[in-house]
Structures are given as structure tokens and as C-alpha cells.
Amino acid sequence: MNDYRNPFIVETMKVLGYVNRFRRGVYRVQKELEENGNAQFSLITAFRVVESVSQKYFEEGFGAGTPKKLIATQEKILAAIQAKPEITQKELAQFIGITLDGIKYHIKNMNKLGIIKHKDSTKSGKWIIIK
């Protein structure tokens, strides 16, 4: 595509070093995908790209099945929950020494990983360690 939607942004990107040559990006992406054993991508709009992932990607251990390791803060949360399953998020934040938003972030990630879940109501419930 030779018609840039916003020529000021295009020029700014080039001046800042994010673009080294115009009209080469799609060709470079297709070439790299082919060399990596991936399928060609299709450009749907200027901002959405769909690409098929090679089976080799999953065979190498990447992707959805990759187990995640807990970080130190999450280990502290897990230890606190083991010691007191009815602990609140506010108490966790005070105990560990991070913000309530930080606790919520880690709890959400640990829920997604299937490590913990909360049973019953927010105030009278308790945490259950799954893994």
C-alpha cells in the first residue's frame, strides 16, 4: 500500500528510527515467516494481521500448554493463604507489603493459572489452593 493514512505519523516513525525503508515491511514479514516454516499471513486492515502458527512452535514448548512459574510475590500470597485461608485481599496487601491493586493483579493471574480460587462470599469466604 503506497497511500499512507497519516503521512505525519509515517514521517515521525522514520525520523525516530522505527522505520528504515518504506514499502518493505510486508515483504520482510512474509520472507521471515517462510524462513521460519510458518504460513503466509493475510493483511486484513492496516492494524490487524492474521498469521497461522507453525506446529514447530508448539513442539518447542511454546504456546498455551507452557507451564508458568510463580514469582516471589505469588509464592508469598500462597504461603499466606495456606496459613489463613479466610484472609482478605486487604490483609494480604498489608501482610506482603504491596498495594491492594498489586494483590488483585496477582490473584487474577493465579486464578487464571488454576492455582487458587475463592469460595463463597467476598467477606465470609475462603481461599482454596488447587495446585
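Just so it is clear, the values below take in all heavy atoms, side chains as well, and ignore hydrogens, waters and symmetry mates.
- Checked options L92, I96, I98; the residue passing with K76 is I96 (criterion: side chain to side chain contact (heavy atoms under 4.5 Å, CB included)).
- Note that CD of E86 is 13.5 Å distant from NZ of K119, once rounded to the nearest 0.5 Å.
- For residues 90-111, the set of pairs meeting the salt bridge (Lys or Arg N to Asp or Glu O under 4.0 Å) definition, not counting sequence neighbours, comprises K84-E91.
- Sorted by first and then second residue, the ring-ring contact (aromatic ring centres under 6.0 Å, His included) pairs involving residues 74-119 (not counting sequence neighbours) are H118-W127.
- Scanning for side chain to side chain donor-acceptor pair (under 3.5 Å) contacts around T99 gives an empty result, with sequence neighbours left out.
- In this structure, the side chains of I116 and I129 come closer than 4.5 Å at one or more pairs of heavy atoms.
- One finds the CD1 atom of I81 at 10.5 Å from the CD1 atom of I128 (value rounded to the nearest 0.5 Å).
- When side chains are defined from C-beta on, D120 does not count as touching K126, because their heavy atoms never get closer than 4.5 Å.
- Considering every non-hydrogen atom in both I107 and Q89, the closest pair reads CG2-NE2, 4.0 Å.
- Atoms CD and CD1, from Q82 and I87 in turn, are 12.0 Å apart once rounded to the nearest 0.5 Å.
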